[in-house]
Colleague: 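Dumping the structure here so I can ask a few things about it.
Order of appearance sets the numbers: ligands from 1, and atoms from 1 within every ligand.
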Amino acid sequence: MEGRDRNLHEECGVFGIYAPGMDVARVSFFALYALQHRGQESAGIATSDGHLAYLHKGMGLVAQVFNEKNMRPLKGHMAIAHNRYSTTGTTSLRNAQPYLIETLHGPLGVAHNGNLTNASRLRLKLLQRGVGLVSGTDSEVITQMLAFPQNSNSWEERISAFMAEAEGAYSLTILTKDAVFGVRDPWGLRPLVIGNFPSGGWALASESCALSTIGAELVREVEPGEIVRLDANGVTSTQGQPVKEKALCIFEYVYFARPDSILGGQAVHLVRQRLGEELAREAPVDADIVIGVPDSSTPAAIGFANAIGLPFTEGLTKNRYIGRTFIQPDDRLRQMGVALKFNALDANLTGKRVIMVDDSIVRGTTAGPLVRLLRQAGAKEVHVRVSSPPVRYPCFMGVDMATQEELIAHRLDVEGIRKHIGADSLHYLSYEGLIRAVTAGASQPSSYCTACFSGRYPVPLDETWLRQRKSRKESFETVRE
Ligand code: AMP
């Protein structure tokens with residue numbers, strides 16, 4: 001098939017709003033801005049005025065996709081919005097969200113964050129029913145499944161029916177003729193929160209940082225398995241499916257979420273600080289200064305420095321206008337990305353024994369060039385401390401972390417990685433340390449998905465899907481084989 005989609009991963013930001021009297025498209029635009037870290041490949045907003053639905057989406061950053069002219073037609077009092085993150089190279093507008101289709105029940109828009117682990121089976125079922133699909137994403141599969149009549153009387157029934165069949169991660173915002181819905185999978189793998197505006201109106205967002213940006217207050221999280229409906233009557237909740245073992249992605253705390261977000265009742269920044277403190281207790285070292293890899297490691301570096309009693313300072317300056325290195329399609333470009341992104345602050349580094357705290361090592365392409373940069377700037381010693389355990393297992397639930405072969409901790413032990421990155425010493429936070437730091441401030445006991453560190457996957461993994469994912473083939477091919 002022409003223009004095959006090789007992007008099987010969805011690691012995105014979603015938003016939804018029901019707010020009569022507000023310019024919901026503009027509010028969505030600002031919310032997407034706040035969620036930009038969750039996806040930089042494409043952005044889109046769909047709105048509805050209760051009669052017609054409107055959509056604009058495009059490739060690139062939020063600010064590249066939207067302007068006054070293309071936002072003007074986005075009328076109405078409700079909207080959903082989406083930022084897409086893709087890491088495998090090929091990008092395509094067909095994969096951009098929200099999806100907006102016409103159904104028997106009126107317009108249907110869907111924005112999805114996560115990854116279905118049984119997507120190929122569901123895709124095949126749709127194709128057998130005669131439903132045509134235009135993209136390679138499981139998000140389109142979700143949209144088509146929701147559209148199916150299924151002798152149902154309400155969107156809640158159709159959404160529950162989809163949930164009964166779906167396995168894996170999905171945080172959804174859904175736009176219909178008269179309501180916006182928020183849905184979270186029964187494991188609660190990806191985050192989704194509800195907020196309200198003091199002047200009236202409701203919003204849904206992947207992270208609470210988006211609510212703060214648009215002047216909404218965080219009310220609560222959408223619970224695992226829950227469907228919330230935002231409409232003229234306010235918020236109505238239905239349990240779409242019973243809660244499975246709760247499994248919020250722990251990597252959201254380690255790296256993915258913004259530090260000013262509240263996740264599981266905890267400020268992400270504070271959790272990261274505790275990760276750094278734990279790490280300092282586990283792997284102290286004699287040195288002069290502690291630096292972080294900006295920006296995601298800064299809180300952990302602060303925690304490390306406080307716990308060890310050394311000054312935290314800046315050793316690397318980051319160009320914030322260059323996208324995450326991960327979006328580069330191959331290793332060579334990724335390494336160039338590191339050089340484009342960071343400069344060393346010689347004045348702080350010359351003659352110093354430096355502890356560099358990073359939040360994670362995934363493929364191992366960032367740490368090595370950074371260590372070299374610090375040495376070139378005159379650092380006498382460079383000790384690397386990682387505020388999470390080695391990533392040895394791929395994520396199938398929405399965070400793209402490469403295939404297992406690409407994960408450096410799958411191929412090498414800690415000493416091998418130390419040599420590879422050229423550090424004087426290297427220590428990772430222990431698994432127990434990670435759990436301690438994350439649970440210490442949790443308002444209620446919870447469990448997390450730790451699959452990338454532990455190899456224990458909370459959701460069943462479909463064999464066909466796994467094979468496809470491993471070979472990075474897109475579903476069209478497999479279905480046609
Ligand atoms: P790597 O170079 O592959 O080892 O990636 C590790 C670096 O990328 C760390 O500095 C992290 O802050 C960052 N990182 C970790 N996971 C991801 C991810 N899923 N997407 C983008 N960046 C990431």
Colleague: With no hydrogens and no angle check, just 3.5 Å: does a side-chain donor-acceptor pair link Tyr457 and Thr117?
Modeller: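 No, because no side-chain N or O of Tyr457 sits under 3.5 Å from a partner of the opposite role on Thr117.
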Colleague: Can you list the ligand 1 atoms lying under 4.0 Å from a non-hydrogen atom of Ile361?
Modeller: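 Numbered from 1, ligand 1 contributes 4 (O).
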Colleague: May I ask you to check whether Thr366 has an N/O atom sitting below 3.5 Å from an N/O atom of ligand 1?
Modeller: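 Such a contact does occur with ligand 1.
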Colleague: Which part of Asp359 is near ligand 1, with near meaning a heavy atom under 4.0 Å away: side chain, backbone, both or neither?
Modeller: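 Under 4.0 Å from ligand 1, Asp359 contributes side-chain atoms alone.
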Colleague: Short list, please: which atoms of ligand 1 are under 4.0 Å from a heavy atom of Arg363?
Modeller: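 Those qualifying, in numeric order: 1 (P), 3 (O), 4 (O).
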Colleague: Gly364 versus ligand 1: do any nitrogen or oxygen atoms come within less than 3.5 Å of each other?
Modeller: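 Among all N and O atoms of Gly364, at least one is under 3.5 Å from an N or O of ligand 1.
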Colleague: Under 4.0 Å between a side-chain nitrogen and a carboxylate oxygen: does that hold for Glu415 and Arg418?
Modeller: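 A salt bridge is present here (some side-chain N lies under 4.0 Å from a carboxylate O).
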Colleague: For the residue pair Ser297 / Asp358, report whether a side-chain donor-acceptor contact shorter than 3.5 Å exists.
Modeller: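 Yes, Ser297 and Asp358 have a side-chain donor paired with an acceptor closer than 3.5 Å.
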Colleague: Using a heavy-atom cut-off of under 4.0 Å, does the side chain or the backbone of Ser296 touch ligand 1, or both, or neither?
Modeller: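 It is the side chain that touches ligand 1; the backbone stays farther off.
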Colleague: Would you please say whether a donor-acceptor pair under 3.5 Å links the side chains of Glu406 and Thr403?
Modeller: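 Checked: Glu406/Thr403 side chains pair up, N/O donor to acceptor below 3.5 Å.
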Colleague: Do the side chain of Asp138 and the main chain of Leu116 share a donor and acceptor less than 3.5 angstrom apart?
Modeller: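 At least one qualifying donor-acceptor pair exists.
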Colleague: Kindly compute the distance separating NZ (Lys380) from CG (Asp424), expressed to the nearest 0.5 Å.
Modeller: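 Output value for this atom pair is 11.0 Å.
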Colleague: Out of curiosity, is Phe256 lining ligand 1, as in a heavy atom under 4.0 Å away?
Modeller: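 Phe256: no contact with ligand 1 (<4.0 Å).
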Colleague: N/O to N/O below 3.5 Å, does that happen between Val362 and ligand 1?
Modeller: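 For ligand 1, there is an N or O atom that lies under 3.5 Å from one belonging to Val362.
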